[in-house]
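Scope of the values below: all heavy atoms of this structure, side chains included, with no hydrogens, waters or symmetry mates.
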Amino acid sequence: MDRHSSDEDDDRQTLIHQNDTKHLPRQIPTSPRASTAPRSGFHIEELESQIRRRFKLTFNKRYLFAIFLPLLLIPIFLSTDIRSLFSSNISSLKFNKVSDQLKESQLQALYLLNQQLTSLLSLWNHTFVNSNDNVSAVQFDDIKASLLNQITLNKHIQQTLLSPHKTGNTLQNATVLDPAYAGYSFDRCRKVDLKFSERRTVEWKPKPNKFLFAICLSGQMSNHLICLEKHMFFAAVLNRALVIPSSKLDYQYNRVLDTEHINDCVGKKAVIPFEDFMEMKKNHAHIDRFICYFSSPQPCYVDEEHLKKLRSLGISMGKLESAWKNEDIKKPSQKTIKDLEEKFASDDDVIAIGDVFFAEMERDWVTQPGGPIAHKCKTLIEPSKLILLTAQRFIQTFLGSNFIALHFRRHGFLKFCNAKKPSCFYPIPQAADCITRMVERANTPIIYLSTDAAESETGLLQSMVVLNGKTIPLVKRPPRNSAEKWDALLYRHGIEDDPQVEAMLDKTICAMASVFIGAPGSTFTEDILRLRKDWGTASLCDEYLCQGEGPNFIAGEE
């Protein structure tokens, strides 16, 4: 019984010692006797109670610490860039290294660009001191323009590279040479110097009561204006005043031209309207000699119907006679002033020579800037003051100073052009490509479109005239809008719906453009080119549509 109790006590004591070794102070016995004394049940339960209290307290502290630690870290995390605490030094080192490499590469690129610019400017100076006579003016200007474009591109690249190094409005430790300020500016489509003062002219000195009766029948208004200009040259050579045709036989010229402008420029009463002439002759005028310039396909290129209309207006005449027997409008021969004086000089008061639109005489004189007649103005035949002011107001409203004018003739032009070799009728995509090249060359933002084309053609053309991803606007004269005042003068004078006024307005706008693209074979275009030449607005870039190339597709014949 005692042994059993002793063994049980020893085992319990061993168990308590193993479980509480880490938490209880080690008991040092004071005497052998005390260490070997038997333990009571009360002492064992007291030890167990202490163990449980200590374990519970320790557990509660750890649990609370685990709960409150995240709550303490959240405000710190929200108020502090934790990543920067660990990575700022490393990223700063990396960034500085990349920044230094970028700066070094930029400076190297700038150095190379400056070297290129120096070479380009040197090439400019050595190449263009004197132009090569074997190179045409247009080719020479194209070379200069291409070289200048490269110089300008070089400058823009340098400015782009230097932009990160700007301090305010200045560049740090760098200088960019600006070709524009260094005397290298160049206008590729500059105005043509036509040396107006050096032209060869004839004085127009009409003799009293000596008249030339103008007759113009071929074609439309543009043809008639060219015919009228040639009649003026004839009248000047023959020292006669020119009688402008009646609106009952021809166009109403006083709506589109200012006849008094011609007289003011010449300084004499050189041109007289038909109505004033008939009033002078008391409504019964007689053509003393009807000397025909052309004999074929019919004398004077005047049909019987027109002769009847002349007679109905109170004009009588003798028999038609031909100056030359075989002068055909299809193959006109070159004539000189001497030829004209020999065949048409007369003491008769009133003479007529028929339609002279196809006449070829003294071409160098007739086609020179300002025309062949001496005068104090830029040109003799020009739009009326009303049309001129309306054109200026339209340009100020819609176009501005820098625009291309395009005469894009289409109606009835397909058959006409295909009868010529080469044809002058271009497919829309090809025309758009030619126009786009001119826009790039002339550096203009907008195009004025003078056309008789259908909306289907102009719409396609507009969609295809694109440069550097930007559509270039094609502007036509809009329909009447009372809110717009640019055309108020025409309405105020009751000439707004006259097709000839509208045609002359188109011509005037085109004649004032920076660059003009014309329709080959069109007298409308030729009259615009005449005005541009006379007004001094002709450009080195003026040309016919797709000049120098034929259509990339031509339809067969009927």
Side-chain angles (χ1 to χ4, degrees), residues 211-238 240 242-246 248-251 286-313 315-346 348 350-367 372 412-413 415-421 423-424 520-527 530 557-558:
F211 301 97
L212 173 63
F213 197 90
I215 296 176
C216 297
L217 301 174
S218 59
Q220 299 182 8
M221 171 64 87
S222 296
N223 297 46
H224 287 226
L225 291 176
I226 294 172
C227 172
L228 199 62
E229 184 181 27
K230 291 181 178 180
H231 265 105
M232 290 167 58
F233 182 56
F234 272 90
V237 170
L238 300 175
R240 293 176 175 271
L242 183 67
V243 180
I244 302 295
S246 167
K248 296 179 180 179
L249 298 173
D250 206 333
Y251 292 108
H286 180 71
I287 298 177
D288 300 307
R289 289 191 66 186
F290 217 129
I291 311 169
C292 300
Y293 186 96
F294 288 104
S295 55
S296 179
Q298 56 197 33
C300 290
Y301 200 52
V302 177
D303 56 18
E304 187 60 34
E305 182 180 354
H306 190 77
L307 294 176
K308 288 181 180 179
K309 289 181 179 179
L310 281 173
R311 295 187 184 100
S312 68
L313 294 176
I315 305 293
S316 61
M317 66 201 75
K319 185 179 179 181
L320 276 62
E321 54 182 294
S322 296
W324 297 280
K325 291 183 179 180
N326 299 313
E327 191 65 22
D328 192 335
I329 63 169
K330 295 181 179 179
K331 295 181 180 179
S333 58
Q334 294 289 334
K335 305 298 182 185
T336 65
I337 285 184
K338 184 178 180 181
D339 294 330
L340 301 182
E341 290 174 336
E342 288 178 353
K343 294 295 183 179
F344 300 104
S346 172
D348 296 293
V350 183
I351 68 170
I353 59 176
D355 194 324
V356 292
F357 170 74
F358 296 99
E360 291 288 347
M361 72 289 185
E362 299 290 1
R363 185 171 182 81
D364 292 341
W365 275 32
V366 174
T367 59
F413 218 44
K415 186 176 180 179
F416 169 81
C417 279
N418 282 357
K420 302 174 67 175
K421 303 296 180 183
S423 174
C424 54
S522 166
T523 53
F524 189 92
T525 281
E526 295 305 316
D527 203 36
R530 175 191 66 81
E557 298 179 359
E558 294 181 4

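- Between the side chains of Asp527 and Ser222, no donor-acceptor pair is found at a separation under 3.5 Å.
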| field | Full working for side chain to side chain contact (heavy atoms under 4.5 Å, CB included) between Lys331 and Ser296 | value | CA-CA 10 Å; Lys331 295 181 180 179; Ser296 179; over 6 Å; no
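- In this structure, Pro297 and Ile329 have side chains that are in contact, with non-hydrogen atoms separated by less than 4.5 Å.
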Table please: side-chain donor-acceptor pairs of residues 317-325 below 3.5 Å, with sequence neighbours left out.
unit_1 : atom_1 : unit_2 : atom_2 : d
Glu321 : OE1    : Arg289 : NH2    : 2.9
Glu321 : OE2    : Arg289 : NE     : 3.4

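- Of all non-hydrogen atoms in Glu327 and Pro332, the two that sit nearest each other are OE2-CA, 3.4 Å.
- Of all the heavy atoms in Ala352 and Leu212, the pair that sits closest is CA-CD1, 4.3 Å.
- Inter-residue side-chain proximity for Ser333 and Glu360 is flagged as unmet; no heavy-atom pair is nearer than 4.5 Å.
- Summarising the geometry, atom CD1 belonging to Ile244 is positioned 10.0 Å from atom NE2 belonging to His231; distances are rounded to the nearest 0.5 Å.
- Taking CG from Leu310 and NZ from Lys308, the interatomic distance works out to 12.5 Å, rounded to the nearest 0.5 Å.
- Closest non-hydrogen pair, Leu340 versus Phe234, comes out as CD2-CE2, 3.3 Å.
- Within the model, atoms CD of Glu305 and NZ of Lys309 stand 4.5 Å from one another, a figure rounded to the nearest 0.5 Å.
- Side-chain atoms of Asp355 come within 3.5 Å of backbone N or O of Ser218 as a donor-acceptor pair.
- Considering CZ of Arg530 and OG1 of Thr523, their distance stands at 11.5 Å, rounded to 0.5 Å.
- Between Phe344 and Tyr293, the ring planes are parallel. Angles under 30° get that label, and only those over 60° would be called perpendicular.
- Looking at every heavy atom in both residues, His306 comes nearest to Leu249 through CE1-CB, 3.9 Å.
- Between Phe290 and Leu307, the closest side-chain pair of non-hydrogen atoms falls below 4.5 Å.
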| request: Let me see the working for Val237 and Glu341 under side chain to side chain contact (heavy atoms under 4.5 Å, CB included), right down to the final yes or no. | output: CA-CA 7 Å; Val237 170; Glu341 290 174 336; 3.7 Å; yes
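- Between Pro372 and Phe233, the shortest heavy-atom distance links the atoms CG-CD1, 3.4 Å.
- Side-chain atoms of Leu228 and Pro245, non-hydrogen and from C-beta on, do get closer than 4.5 Å to each other.
- Looking only at side-chain heavy atoms (C-beta outward), Phe413 and Cys424 come within less than 4.5 Å of each other.
- Going from atom CZ of Phe213 over to atom CG of Leu242 covers 10.0 Å, rounded to the nearest 0.5 Å.
- Within the 3.5 Å criterion, the main-chain N or O of Ile337 finds a donor-acceptor partner in the side chain of Glu362.
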| task | Please test Ile291 against Lys343 for side chain to side chain contact (heavy atoms under 4.5 Å, CB included), starting from the C-alpha separation and ending with a verdict. | result | CA-CA 8 Å; Ile291 311 169; Lys343 294 295 183 179; 5.7 Å; no
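- Counting heavy-atom neighbours within 6.0 Å of Glu304 CD, excluding the residue itself, gives a total above 12.
- Using a 4.5 Å cut-off on side-chain heavy atoms (C-beta onward), Tyr301 and Phe357 make no contact.
- What you find for Gly354 and Val302 is that their closest heavy atoms are CA-CG2, 4.4 Å.
- A 6.0 Å sphere centred on CZ of Arg363 holds no more than 12 heavy atoms belonging to other residues, nucleotides or ligands.
- With Lys248 contributing its side chain and Leu313 its backbone, the two residues share no donor-acceptor pair below 3.5 Å.
- Counting heavy atoms from C-beta on, the side chains of His286 and Val350 never come closer than 4.5 Å.
- Side chains of Met361 and Asp339 form no contact here, defined as non-hydrogen atoms less than 4.5 Å apart.
- For the atom pair SG (Cys227) and CG (Leu217), the distance works out to 8.0 Å, reported to the nearest 0.5 Å.
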